[in-house]
Amino acid sequence: MRAMVLEQPGRPLRLAELPQPVPGEGQLLLAVEACGVCRTDLHLLDGELPDPVLPVVPGHEIVARVAGLGPDVQGWRLGQRVGVPWLGWTCGQCRFCTSGRENLCDRARFTGYQLNGGYAEYTLADARYCLALPEEPAAEHLAPLLCAGLIGYRALRLAGDPQRLGVYGFGAAAHLITQLARAQGREVFAFTRPGDGASQEFARSLGANWAAGTDEAPPQPLDAALIFAPAGPLVPIALRHLDKGGCVVCAGIHMSDIPGFPYAWLWGERSIRSVANLTREDGLAFFEAVRQAPLRTEVSVFALEQANEALERLRQGALQGAAVLRM
């Protein structure tokens, strides 16, 4: 099979011919239809994530078909459409796993990071951590839901029940969660890089009530802010726009350092919290929400061997919506 492989951080991915994997106990062999390109993949390539298992096939927004069943796999059938998210395995025994917080498991393993992912024609996945996907829409439009959608959904859940929601960094996750938040009756205030009129117009086209650069103040105080851009300086900026009792949720797995700020900006029972990974429960709840309120996914499609080009365009902010590799 063909696969794009990361052999060492700081180097481009290499197109390689690898043996087609064989499913072991509890695993599915999956024929990949499409795989989303996520900013976390950039952090992996840049060496900003600790302890990767190298060489590794990146990619954790996988839409695939079941091509083989390992021993003791039940509940799946050949040809069934499957989604594989970031969380690929947990121990099931630690205090986090046994208290409904498997996303915090110290021994967790992640797709496309410690487990080979979806930048390939075939991959393996633990059947317990896969999600059943509908037959529609096309695979490239489902792929961004497996991380951008899921992490955005978890971030929104952890924000409480905000009526006025700020979204910082209008990329793959923001363009999905804006639609969901509007369907839930919330007001959305989108923040982009200063002067990025195209992204601001894109945000408004998806239902945002207001869109401007991060150097501008929203017309009303926010109840919550979701930060998808990996930029620590956005945290105090968002804090200054929060109403009392509001929450800033940092939704990325990696972020630059947060600069100091006056305690007065936090006072008034404002809070800052992070989102770490996702749970299988998040996946089930999110896809039920999408079933009730379908989302429009804006995607740029690339061939497998164009993965480095897709990653570079993501790095440069030259995409509206999400990048997806189509096999």
To the closest 0.5 Å, what do you measure between CZ (Arg154) and CG (Asn103)? 4.0 Å
OG1 of Thr178 to CG of Leu165, rounded to nearest 0.5 Å, is 7.5 Å
Give a yes or no on whether Arg313 atom CZ has more than 12 heavy-atom contacts from other residues, nucleotides or ligands under 6.0 Å away. yes
If we ignore hydrogens and angles and just use 3.5 Å, is the side chain of Asn209 paired with the main-chain N or O of Val188 as donor and acceptor? yes
Would Gln220 and Phe189 count as a side-chain contact (heavy atoms from CB on, under 4.5 Å) here? Give the steps. CA-CA 9 Å; Gln220 301 175 68; Phe189 301 81; 4.2 Å; yes
A quick test of your reading: do over 12 heavy atoms of other residues, nucleotides or ligands sit less than 6.0 Å from CG of Asp257? no
Ionic contact status for Asp126 with Arg109, cut-off 4.0 Å: no
Does the distance from a Lys or Arg side-chain N to an Asp or Glu carboxylate O, for Arg157 and Asp282, drop under 4.0 Å? yes
Is there a side-chain contact between Val32 and Val63, using heavy atoms and a 4.5 Å cut-off? no
Measure the shortest side-chain to side-chain distance between Leu133 and Phe287 over non-hydrogen atoms and say whether it is less than 4.5 angstrom. yes
Taking Arg273 for its side chain and Cys247 for its backbone only, find out whether a donor-acceptor pair lies under 3.5 Å. no
Neighbour count >12 (heavy atoms, 6.0 Å) for atom CD, Glu281: no
Can you establish whether the number of heavy atoms outside Gln74 located under 6.0 Å from its atom CD is more than 12? no
Below 6.0 angstrom between ring centroids: does that apply to Trp210 and Phe191? yes
SB check Arg164 Glu187 (cutoff 4.0 Å): no
Polar contact flag, side-chain donor to acceptor under 3.5 angstrom, Thr111-His60: no
Count the heavy atoms belonging to other residues, nucleotides or ligands that lie under 6.0 Å from OH of Tyr122, then report whether that count exceeds 12. no
Near Arg107 CZ, under 6.0 Å, is it more than 12 heavy atoms from other residues, nucleotides or ligands? no
Looking at side-chain heavy atoms only, is the closest gap between Phe96 and Thr90 below 4.5 Å? no
Rounded to the nearest 0.5 angstrom, the CD-OG distance for Gln320 and Ser205 is 8.5 Å
Return yes when atom CD of Gln316 has more than 12 non-hydrogen atoms of other residues, nucleotides or ligands closer than 6.0 Å, and no otherwise. yes
Do Leu44 and Leu278 share a hydrophobic cluster, counting only Ile, Leu, Val, Met, Phe, Trp and Tyr and linking them when any side-chain heavy atoms are less than 4.5 Å apart? yes
Please determine if Glu135 and Arg65 form a salt bridge, counting it only when a charged side-chain N lies under 4.0 Å from a carboxylate O. yes
